[in-house]
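Shown next, in structure tokens, is the structure this report addresses.
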Amino acid sequence: MIRYVLTLGCALVAPMAALAYQASVRVEPPQLMGSRQVEKQTQAAVIRDYLQSWKSFRAAFDQNQVALLDPDFVGVAHDKLEQAIEDQAKLGIHTNYQDKSHDLQLVFYSPEGMSLQLIDNVVYDEQVLDHEKVLAVKQVQARYVVVLTPSDVRWKVRIFQSAAE
């Protein structure tokens, strides 16, 4: 009976904990400059896939495993993130990122439908650790320029650049 109660308790706590870490998301109306209109279904898929990319980003940096980026990042974005993960792994550290809020706006959708650009004004917490010892903690407010391209089953992040870079 105790095992059943513990199992049930864990089954209920895990989904609730996942909800506690959900970032708030606000989507502005698209401000598309000289490009084609975005269908509602495409917009929903792009936003879903972009937010999913933050999950793989967090996991990859926390575990120092570049392969965790593969489902969501390609090209320059993947290469830059891969280098950053390899650099931190060499130093023996890892980074926890927790995105708090995203303010998204689609700004360009190519006429042929092969790329979509969005702006993300994001707030996230960054925690640098050496094993489990916290070395630094800060909250970051950043503006990211993001370009996504479609793949067989999802939109992937091709460019992921802070406006300050």
Side-chain angles (χ1 to χ4, degrees), residues 10 13-28 38 41-110 113-132 134-165:
C10 288
V13 170
M16 292 174 73
L19 289 176
Y21 293 112
Q22 200 78 1
S24 68
V25 178
R26 190 175 92 159
V27 180
E28 298 285 332
V38 178
Q41 201 172 18
T42 300
Q43 180 175 332
V46 165
I47 292 167
R48 177 199 65 221
D49 293 347
Y50 174 66
L51 294 173
Q52 175 60 42
S53 75
W54 271 86
K55 292 178 183 177
S56 65
F57 169 88
R58 286 194 313 257
F61 275 86
D62 186 41
Q63 299 171 36
N64 283 337
Q65 292 187 19
V66 172
L68 296 174
L69 297 172
D70 294 349
D72 298 298
F73 292 89
V74 295
V76 174
H78 188 283
D79 295 346
K80 283 184 172 184
L81 295 175
E82 178 179 6
Q83 187 62 56
I85 291 169
E86 289 172 355
D87 290 347
Q88 79 172 15
K90 287 177 188 170
L91 294 172
I93 61 174
H94 63 104
T95 309
N96 286 333
Y97 289 95
Q98 183 57 58
D99 47 326
K100 300 292 186 182
S101 67
H102 295 272
D103 187 1
L104 304 171
Q105 186 170 48
L106 303 175
V107 294
F108 181 79
Y109 188 27
S110 67
M114 296 307 293
S115 66
L116 193 142
Q117 181 180 351
L118 64 82
I119 303 296
D120 183 9
N121 292 304
V122 62
V123 176
Y124 60 89
D125 292 337
E126 178 182 74
Q127 184 180 54
V128 180
L129 300 105
D130 180 357
H131 296 92
E132 295 308 314
V134 176
L135 301 177
V137 177
K138 66 179 175 179
Q139 185 170 80
V140 178
Q141 293 182 359
R143 180 179 180 91
Y144 279 88
V145 176
V146 182
V147 175
L148 299 104
T149 57
S151 68
D152 292 338
V153 294
R154 65 183 311 120
W155 287 83
K156 291 189 175 193
V157 176
R158 181 167 298 279
I159 296 174
F160 184 67
Q161 184 173 339
S162 170
E165 289 181 34

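When Leu104, Leu148, Val38 are each tested for a side chain to side chain contact (heavy atoms under 4.5 Å, CB included) with Val46, only one passes: Leu148.
No donor-acceptor pair under 3.5 Å is formed between the side chain of Ser115 and the backbone N or O of Ser110.
Here the closest heavy-atom approach between residue Ser151 and residue Lys156 is recorded as OG-CE, 3.8 Å. Nearest heavy-atom pair across Ser101 and Ala23 is N-CB, 4.2 Å. Closest approach of Phe73 and Ser56 over heavy atoms only: CE1-OG, 3.6 Å. Listed here is the closest heavy atom pair of Gln43 and Leu106: CG-CD1, 3.5 Å. Nearest approach of Leu69 to Glu82, heavy atoms of both residues: CD1-N, 4.0 Å. Across every non-hydrogen atom of Ile85 and Gln65, the tightest pair is CG2-N, 4.1 Å.
Between Trp54 and Tyr144, the ring planes lie perpendicular to each other; the angle is over 60°, past the 30° to 60° tilted range.
To the nearest 0.5 Å, atom CD1 of residue Ile159 and atom CG of residue Leu118 are 11.5 Å apart. Rounded to the nearest 0.5 Å, atoms OG1 (Thr149) and CE (Met114) are 7.0 Å apart. A distance of 9.0 Å separates CD1 of Ile93 from CG of Leu129, quoted to the nearest 0.5 Å. The distance from the CD atom of Glu126 to the CD atom of Gln98 is 12.5 Å, given to the nearest 0.5 Å.
The 12-atom threshold is not exceeded at CD of Gln41, counting heavy atoms of other residues, nucleotides or ligands nearer than 6.0 Å.
Remark: Lys100 pairs with Asp125 by the side chain to side chain donor-acceptor pair (under 3.5 Å) rule, at least two apart or across chains. With sequence neighbours left out, Gln88 forms a side chain to side chain donor-acceptor pair (under 3.5 Å) with Asn64, Thr95. Judged as a side chain to side chain donor-acceptor pair (under 3.5 Å), and not counting sequence neighbours, the contacts of His102 are Asp99, Asp120. With sequence neighbours excluded, no residue forms a ring pair (Phe, Tyr, Trp, His ring centres under 6.0 Å) with Phe108. Partners of Arg154 by side chain to side chain donor-acceptor pair (under 3.5 Å), not counting sequence neighbours, listed by chain and number: Asp72. When the ring pair (Phe, Tyr, Trp, His ring centres under 6.0 Å) test is applied to Tyr109, no partner is found at least two apart in sequence or on another chain.
Looking at heavy atoms from C-beta onward, Leu68 lies out of side-chain contact with Phe61 at the 4.5 angstrom threshold.
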Margin query: side-chain contact (heavy atoms from CB on, under 4.5 Å), that's the test. Do Gln105 and Arg26 meet it? Break it down for me.
Written below: CA-CA 9 Å; Gln105 186 170 48; Arg26 190 175 92 159; over 6 Å; no
Next item on the list: Starting from the C-alpha separation in whole Å, work towards a yes-or-no answer on side-chain contact (heavy atoms from CB on, under 4.5 Å) for Val128 and Lys138.
Entry: CA-CA 9 Å; Val128 180; Lys138 66 179 175 179; over 6 Å; no
Next item on the list: Could you give me the CA-CA distance, side-chain angles and deciding distance for Val145 and Ile119, then say whether side-chain contact (heavy atoms from CB on, under 4.5 Å) is met?
Entry: CA-CA 5 Å; Val145 176; Ile119 303 296; 3.9 Å; yes
Check: So Thr42 and Trp155, side-chain contact (heavy atoms from CB on, under 4.5 Å) or not? Walk me through it.
Finding: CA-CA 10 Å; Thr42 300; Trp155 287 83; 3.8 Å; yes
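Inspection of the Gln83 and Asp79 side chains reveals no N or O donor paired with an N or O acceptor under 3.5 Å.
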